[in-house]
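Take a look at the structure below.
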Amino acid sequence: MRKTITALILGLLLVANPILAQEKTEAFLVDEFGPIACGDGMARIDLFFTYIQNNEESTGLVIIRSPKDNFRYPLSIESLLYGEIEFHKDDDKLDIDLSDLKVIRIEDAERTETSYWIVPKGASLPEEASDTPHFSLELPDGTKPFKFLTNDYSGPCNWGGTNIHFQEMLNANPLATGNLVIADENQKAFQEKKGELLSALSGIDPARLRFFFVKSKIPYVEYWIVPKKAD
C-alpha cells in the first residue's frame with residue numbers, strides 16, 4: 001500500500017518539478033533540514049532517491065552536520081537511508097543502493113542539519129563537503145554504559161544499518177566492549193541469532209562481545225556500548 005501511495009506522490013512531484021528531469025553539469029542542492037520526525041525523513045529520502053533516478057550517472061551526496069556530543073543525529077539519518085534502500089530494493093522506480101550515495105559527516109558546533117545534493121558525473125563536490133573537522137564517534141572519558149540501539153522494528157519507520165553502526169562505534173572506541181541482549185522464545189533461537197550477529201559483526205574481535213538471553217515471545221536485540229572504566 002505504501003509503495004502505491006509513494007509512487008503516486010512522486011509521480012505528481014515529477015510533473016510539478018521539471019528540474020527532476022533536467023540535465024545538470026554542477027552539483028545542486030535538493031533538500032536541507034534539521035531534526036525531523038522519521039516519517040518526514042522517509043518522505044524526503046524517497047524524493048531524494050527520485051532525483052538520483054532521474055539524473056543518470058549522478059551520485060547522491062548526503063552532508064550531515066552535528067555538534068560533537070550529538071552522534072545520534074548523523075547515525076539516525078544514515079539509518080533511515082539504509083532502511084529506505086532496503087524497503088525499495090524490489091522497486092524498479094526507486095532502485096537505489098549504497099554505491100549511488102556518498103555520505104559525509106561534519107562536526108559543527110552550531111548546526112544540526114542535513115543536506116541532500118545531486119552530483120552529476122564529472123562535477124565537483126560543493127565547497128562545504130570539504131569542510132573540517134569530520135565527525136568522530138570517539139566517546140569522551142567517563143562515558144557510562146548506554147543502550148545504543150534496539151532493533152525491535154516497531155513503529156511506522158524503516159530503520160537499517162544497525163550492525164554497521166554498532167561495529168563502527170566499537171571500532172572508534174577500541175577499549176569499549178559491546179553487550180548484546182537477545183530476546184527470543186528459547187535457547188535454540190538465541191544461539192541462532194548469536195551466530196548471525198557474530199557473522200554480521202565480523203570486524204570486531206569476538207572477545208569484545210558479550211551475549212545475554214531474555215525469554216520473550218517478541219524477538220528483538222538490544223545493542224549496548226560499555227566503555228572502559230576509568231582507572
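To the nearest 0.5 Å, the span separating OG on Ser76 from CH2 on Trp159 amounts to 5.5 Å. The CD1 atom of Ile77 sits 6.0 Å away from atom CD1 of Ile64, with the distance rounded to the nearest 0.5 Å.
Minimum heavy-atom separation, Ala129 to Ile104: O-CD1, 3.6 Å. In terms of heavy-atom proximity, Gly178 sits nearest to Leu170 at N-CD2, 3.9 Å. Considering every non-hydrogen atom in both Asp100 and Ile96, the closest pair reads OD2-CA, 3.6 Å. Between Phe211 and Lys194, the shortest heavy-atom distance links the atoms CD1-CE, 3.6 Å. The nearest pair of heavy atoms linking Ala27 to Val119 is CB-CG2, 4.1 Å. The minimum heavy-atom distance linking Val226 with Pro145 is given by the pair CG1-CG, 4.0 Å.
Contact check on Arg111 versus Asp108 returns a salt bridge, with a Lys/Arg side-chain nitrogen under 4.0 Å from an Asp/Glu carboxylate oxygen. Using a 4.0 Å cut-off between charged nitrogen and carboxylate oxygen, Glu113 and Arg105 do not count as a salt-bridge pair. The pair Glu128-Arg65 meets the salt-bridge criterion, with a side-chain N (NZ, NE, NH1 or NH2) lying under 4.0 Å from an Asp/Glu carboxylate O.
A single hydrophobic cluster is not seen to contain both Phe213 and Tyr220; linkage of ILVMFWY side chains at heavy-atom distances under 4.5 Å, directly or through other members, places them apart.
Listed for the Gln167 side chain is a donor-acceptor partner under 3.5 Å among the backbone atoms of Gly203. In this structure, Ser199 contributes its side chain and Glu196 its backbone to no donor-acceptor pair below 3.5 Å. Under the 3.5 Å distance criterion, the side-chain polar atoms of Asn55 are matched with a main-chain donor or acceptor of Tyr51. Distance alone, capped at 3.5 Å, is enough to place a donor-acceptor pair between the Asn173 side chain and the Leu139 backbone. For Lys147 (side chain) and Trp224 (main-chain N/O), no donor-acceptor pair under 3.5 Å exists by modelled atom type. One N or O on the side chain of Arg208 and one on the backbone of Ala176 form a donor-acceptor pair closer than 3.5 Å. Asp184 contributes no side-chain N or O that, together with a main-chain N or O of Asn186, makes up a donor-acceptor pair within less than 3.5 Å. Side-chain atoms of Ser79 never come within 3.5 Å of backbone atoms of Leu75 as a donor-acceptor pair (strictly under, hydrogens ignored). Within the 3.5 Å criterion, the main-chain N or O of Asp46 finds a donor-acceptor partner in the side chain of Thr50.
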Self-check item: Derivation and outcome, side-chain contact (heavy atoms from CB on, under 4.5 Å), residues Ser66 and Phe71
Solution: CA-CA 7 Å; Ser66 184; Phe71 68 85; over 6 Å; no
Practice problem: Check the pair Val62 / Phe48 against side-chain contact (heavy atoms from CB on, under 4.5 Å), numbers first and verdict last. | Solution: CA-CA 10 Å; Val62 181; Phe48 180 43; 3.7 Å; yes
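Taking the six-membered ring for Trp and thresholds of 30 and 60 degrees, Tyr116 and Phe33 have ring planes more than 60 degrees apart, a perpendicular arrangement.
With respect to Ile118, the side-chain contact (heavy atoms from CB on, under 4.5 Å) criterion is satisfied by exactly one of Asn54, Thr59, Ile52: Ile52. A side-chain contact (heavy atoms from CB on, under 4.5 Å) with Lys193 holds for exactly one of Val221, Leu180, Leu198; it is Val221.
Considering only heavy atoms from C-beta on, Asp95 stays 4.5 Å or farther from His88 through its side chain. Inter-residue side-chain proximity for Met42 and Cys157 is flagged as met; some heavy-atom pair is nearer than 4.5 Å. Between Lys102 and Trp117 the shortest side-chain heavy-atom distance does not fall below 4.5 Å.
Between Tyr82 and His165, the distance from one ring center to the other falls under 6.0 angstrom.
Judged by distance alone, the side chains of Asn163 and Tyr223 do bring a donor and an acceptor atom under 3.5 Å apart.
The number of heavy-atom neighbours closer than 6.0 Å to CD of Glu56, taken from other residues, nucleotides and ligands shown, is 12 or below. At most 12 non-hydrogen atoms from other residues, nucleotides or ligands lie less than 6.0 angstrom from CD of Glu138.
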